[in-house]
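Reminder, nothing fancy here: chain letters follow the sequence lines and each chain counts from 1. Remember, it's a predicted structure, so these values are computed and weren't measured experimentally.
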There are 2 protein chains.
Amino acid sequence: MARRSAEKLKIVPQPEPALPRDIDFGWLGGTVGLHLRLAQEVAFQAFARRADGADASPWRFAVLFLIDANPGLTQGDLAAAIRRNTSSLTPVLDDLCRSGYVVRERLESDRRAYTLTLTPAGQAAMAELMASAVAHEREIDRLVGRANRAEFMQILKRIIGGLGKDDHR
Amino acid sequence: MARRSAEKLKIVPQPEPALPRDIDFGWLGGTVGLHLRLAQEVAFQAFARRADGADASPWRFAVLFLIDANPGLTQGDLAAAIRRNTSSLTPVLDDLCRSGYVVRERLESDRRAYTLTLTPAGQAAMAELMASAVAHEREIDRLVGRANRAEFMQILKRIIGGLGKDDHR
DNA sequence: TATTGTTATACTCTATAACTATA
DNA sequence: TATAGTTATAGAGTATAACAATA
């Protein structure tokens, strides 16, 4: 039925021209699934906006963070931690190595594996991103509400544990 | 430092060979952002697994659902509802039309726009997917917990409203 | 001129399979 | 034979820009 009529007196160019018309979301509008998706999406975009100066997505930050927190971990361990296939990680690490942020070194005890460590430049980049990440997380926390945070996190963890089939590999 | 030693007595082929080693997630492990992402991801995959027989992703279901609930809505309205660019919707609708699930018709009052409606076959497909979607949502609800559901949804909505910049368009 | 939707195109993210080198 | 990581490749999903038809 797509209302489309009384839109004459637009004086201002209207920054949001395409606000959703009065769509009936019905059952879908009450689902956790849809809202989980939308919330994740806006959070992802908000992070990217905030960390725009540095060249970063949430995953790129996570990779730097995890290498920093676990120097010498292998690519396989890192891939498992962020639940991605190692082949998805290769180009990311290539890029980080090219940028001089990460070094790959063969693991002594298993020369098939690489260990990962941050260079000083990588640590500096991490520190800068960390500031963005903390601010981002603080903004989310404000929306979640201090009193609800712990329970909210627990619920998310239950979903991750309960639905996760450890696919991807 | 990537533990890698006592793995000798593997008798069983070990279905999950690459369980994350004891990685230190530190600050990251306590963030809402990471868990929101992971929860959304497993939920998305769980839906896809469940609706595998029918050919469906959550978005494909949402499109059918919203056309069903709002017969005659335009592509622009639908795109706004799911927060996607109309050009992203075109191939999806092409596909649904080819499958005989959706019909596009020119809107009388504005012949640039298409209105969308489900065919009987489309309604049948929707009904089948609906069963999967309801089961999926029920499983999520079980994990969320009945007592927490309303508040959990409200928090997600606050995040969506608070961080969403209505980008995408 | 502005808007609806399509097309061409490009970019990101992801995985699978085949491969190399180790084990 | 099995594993760690790379490469080649493919697919999904998304957006931007130029365009045609219409307003």
Below 3.5 Å is the cut-off: list the nitrogen or oxygen pairs between protein and nucleotides 20-23 of chain C, distance only.
unit_1, atom_1, unit_2, atom_2, d
dA23(C), OP1, Arg111(A), N, 2.6

Earlier contact from the 5' end, DNA chain D, for Tyr114(A) and Arg37(A): Tyr114(A)
With sequence neighbours excluded, give me every side-chain hydrogen bond (donor to acceptor under 3.5 Å, both in side chains) pair touching residues 138-147 of chain A. Arg50(A)-Glu139(A), Asp141(A)-Arg149(A)
Taking atom types as they are modelled, would you say the side chain of Ser87(A) forms a donor-acceptor pair with the base of dT16(C) within the 3.5 Å cutoff? yes
Quick one: is Thr90(A) getting a side-chain N or O under 4.0 Å of the dT6(D) phosphate, OP1 or OP2? yes
Specify the separation, in whole Å, of atom CD of Gln40(B) and atom P of dT14(C). 11 Å
Mind jotting down which residue pairs meet the salt bridge (Lys or Arg N to Asp or Glu O under 4.0 Å) criterion with at least one end in residues 26-38 of chain B? Sequence neighbours excluded, please. Arg37(B)-Glu41(B)
Judged by each residue's nearest nucleotide on DNA chain D, which is more toward the 5′ side, Leu93(A) or Ser57(B)? Leu93(A)
Over how many whole Å does the gap from Leu73(B) atom CG to dT4(C) atom C1' extend? 14 Å
Any side-chain N or O of Arg104(A) less than 4.0 Å from the OP1 or OP2 oxygen of dT6(D)? yes
In whole angstroms, how far is the C1' atom of dA15(C) from the CD1 atom of Ile82(A)? 14 Å
d(CG, Asn85(B); P, dT7(C)) in whole Å: 15 Å
Check the side chains of Asp77(B) and Thr74(B) for a donor-acceptor pair under 3.5 angstrom, ignoring hydrogens and angles. yes
Validation row: Asp68(A), Leu64(A) side chains within 4.5 angstrom (heavy atoms): no
Taking only side-chain N and O atoms of Trp59(A), does any of them lie within less than 4.0 angstrom of OP1 or OP2 on dT14(C)? yes
Report the residue (Glu41(B) or Leu89(B)) whose heavy-atom-nearest nucleotide on DNA chain C is the more 5′ of the two. Leu89(B)
Main-chain N/O of Gly100(B) paired to Thr119(B) side chain as donor or acceptor, under 3.5 Å: yes
Are more than 12 heavy atoms from other residues, nucleotides or ligands located less than 6.0 Å from atom CZ of Arg106(A)? yes
Touch class at under 4.0 angstrom, heavy-atom based, for Arg60(B) against every strand present: nothing
Between dA12(D) (C1') and Arg84(B) (CZ): distance, integer Å: 12 Å
Nearest whole Å is fine: how far is dT12(C) C1' from Asp94(A) CG? 16 Å
Value in whole Å for how far the P atom of dT6(D) lies from CZ of Arg98(A): 12 Å
Taking the side chain from Gln75(A) and the backbone from Ala113(A), do they hold a donor-acceptor pair closer than 3.5 Å? no
Whether Thr86(B) contacts dT4(C) is assessed here as follows: a side-chain N or O lying under 4.0 Å from the phosphate OP1 or OP2. Is that the case? no
Once you round it to whole Å, what is the distance between P of dT14(C) and CZ of Phe44(B)? 13 Å
